[in-house]
2 protein chains.
Amino acid sequence: MTQTNGKPAPGRRNSQYQKRLSSVLRAASKVIARDGFEGASVREVAAKAKIGLSGIYYYFESKDELLYALQHHAFSTLIESLQEKLAQLSSPEDRLKAVFDNHFQYFANNMDDLKVCVHEIESLSGKYYKKVLKVRQEYYGLVKSVVAEVTGRKNYATNLATLSLFGSLNWVYMWYDKEKNIDIDKVSSQFLRVFLNGVKAS
Amino acid sequence: MTQTNGKPAPGRRNSQYQKRLSSVLRAASKVIARDGFEGASVREVAAKAKIGLSGIYYYFESKDELLYALQHHAFSTLIESLQEKLAQLSSPEDRLKAVFDNHFQYFANNMDDLKVCVHEIESLSGKYYKKVLKVRQEYYGLVKSVVAEVTGRKNYATNLATLSLFGSLNWVYMWYDKEKNIDIDKVSSQFLRVFLNGVKAS
DNA sequence: GTATAATTAGAACGAACGTTCGATTTATTA
DNA sequence: TAATAAATCGAACGTTCGTTCTAATTATAC
């Protein structure tokens with residue numbers, strides 16, 4: 001299940017195909033993160049991926065599908081790695097810490113992808129939007145259930161707290177500065193502490 | 001100081017001029033909030049404002065200046081109304097409550113404007129970007145000082161807490177549903193409670 | 001080595017965009 | 001009412017965009 005679209009099997013040159021495809025994805029991530037989806041041009045993505053303009057359309061049927069692939073892959077990875085961490089933890093507070101750490105770690109290692117996920121949520125429509133919405137809600141549901149373990153109830157307040165939490169996490173790309181070598185683990189711990197104390201006291 | 005640009009004085013028909021101008025701003029706010037700045041077309045803004053395409057350029061010198069006017073006005077209003085509220089309060093917790101309420105009230109009454117402020121921060125460049133950055137940082141500094149009153153210190157933790165707070169507030173437009181008649185005051189109280197308990201316990 | 005499929009390259013399309021310009025209409029002044 | 005300024009309009013310009021198509025190239029298979 002490494003394929004993101006319905007293209008015919010790429011034969012034995014599979015490894016070359018995959019390398020090209022992921023270089024296109026990496027380029028797209030960079031350009032879209034910098035210019036926004038509407039502002040990003042397929043021409044520049046192609047140039048950055050060292051491929052012809054029309055070459056993009058051998059790997060993706062449209063600019064939309066490119067964005068879809070980026071977002072879907074990022075959310076899937078986030079969910080997968082979070083579930084792996086959660087499977088080994090039982091204490092609600094440890095599990096909540098895993099939520100924070102998982103998100104921040106993914107952010108630290110894939111800033112452009114996460115920014116594209118957060119900032120271009122509404123740039124898709126139709127089937128692509130629906131598919132991304134589904135995994136996004138899956139991720140949201142997962143986090144919400146962990147928050148509910150801490151608060152002890154699945155009520156409106158827990159729901160709002162989760163939304164507040166997502167706000168905090170999703171805003172990070174706006175102020176985090178790679179150049180400043182900020183310790184992302186400390187940020188995660190600090191965010192966790194404030195949120196945890198906040199919901200426990202309520 | 002009702003003028004946002006350096007246009008010549010509009011004579012006695014000032015009232016008509018101002019009405020047109022604000023109808024352009026309202027239309028722009030709607031369209032940009034829905035389609036994003038890059039995706040929004042000046043043609044549709046003009047249509048929604050019931051003016052010719054070229055008429056827009058009588059009031060604004062460029063699409064960029066339009067966005068600048070929207071953002072600068074929104075931040076200025078946010079700062080002004082917050083300062084009015086703060087001037088009458090002395091208790092740190094009451095003042096923090098005023099920060100939440102002020103932001104949520106403005107959001108409730110000007111959703112499109114606030115969304116454009118949050119979502120299109122990076123859509124400007126050059127002089128317009130710098131000017132908006134300035135008022136944005138003024139607003140940030142104001143909120144941060146109130147948070148510092150509650151925590152009792154202006155350290156790194158307070159700084160991070162403020163960033164976390166802004167994330168929560170700025171994310172609201174992504175999930176708030178006007179149709180569902182959500183009580184925005186309750187949302188504000190709930191967000192305040194979690195944040196306040198969080199920073200007090202730390 | 002020849003046929004077949006996978007991949008790339010280049011040129012071109014129509015559409016939409018922000019902006020400009022000159023003419024025209026509407027309002028104000030005297 | 002005549003002269004002046006403010007405001008609006010419609011048409012057009014040049015550019016960039018996403019996408020398509022066909023031909024060429026490269027790798028695989030027999």
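For the numbers below, each heavy atom of this structure counts, side chains included, while hydrogens, waters and symmetry mates do not. In this text, all values refer to a predicted model and were calculated from it rather than measured experimentally.
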Ring center gap for [X] and [Y] short of 6.0 angstrom:
| X | Y | result |
| --- | --- | --- |
| B:Y68 | B:Y129 | no |
| B:F107 | B:Y173 | no |
| B:F104 | B:F191 | yes |

Annotated structure of DNA chain C as dot-bracket, pair cut-off 3.5 Å, Watson-Crick or G-U only, | for inter-strand, is ||.||||||||||||||||||||||||.||

In residues 28-51 of chain B, which residues come under 4.0 Å of DNA chain D by heavy atom?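 The stretch gives B:R43, B:I51 as the residues lying under 4.0 Å from the strand, ordered by number.
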
Just how far, in rounded Å, is [atom2] of [N] from [atom1] of [X]?
| X | N | atom1 | atom2 | answer |
| --- | --- | --- | --- | --- |
| A:K63 | D:dT19 | NZ | P | 8 Å |
| A:L66 | D:dC17 | CG | P | 15 Å |
| A:D64 | D:dC17 | CG | P | 16 Å |
| B:L53 | C:dG18 | CG | P | 8 Å |
| A:K19 | D:dA27 | NZ | C1' | 16 Å |
| A:Q16 | D:dT26 | CD | C1' | 11 Å |
| A:Y17 | D:dT28 | OH | C1' | 17 Å |
| B:F60 | C:dG18 | CZ | P | 15 Å |

Quick one: label A:G52 by what it contacts on the DNA or RNA (base, sugar-phosphate, nothing), any heavy atom closer than 4.0 Å.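 The residue A:G52 makes sugar-phosphate contact but no base contact.
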
Going by an N to O cut-off under 4.0 Å, is there a salt bridge joining [X] and [Y]?
| X | Y | value |
| --- | --- | --- |
| A:K85 | A:E80 | no |
| B:E93 | B:K200 | yes |
| A:E44 | A:R34 | yes |
| A:K127 | A:E61 | yes |

Exercise. Over 60° means perpendicular and under 30° means parallel, so classify the ring planes of B:F100 and B:F195, tilted if in between.
Key: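 Taking B:F100 first and then B:F195, their aromatic rings sit tilted (interplane angle of 30° to 60°).
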
Anything under 30° is parallel, anything over 60° is perpendicular, the rest tilted; go ahead and classify B:Y17 against B:Y59.
->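 Taking B:Y59 first and then B:Y17, their aromatic rings sit tilted (interplane angle of 30° to 60°).
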
Should [X] be listed as having a side-chain N or O under 4.0 Å from OP1 or OP2 of [N]?
| X | N | value |
| --- | --- | --- |
| A:R20 | C:dA6 | no |
| A:Y57 | D:dT19 | yes |
| B:Y58 | D:dA7 | yes |
| A:Y59 | C:dT8 | yes |

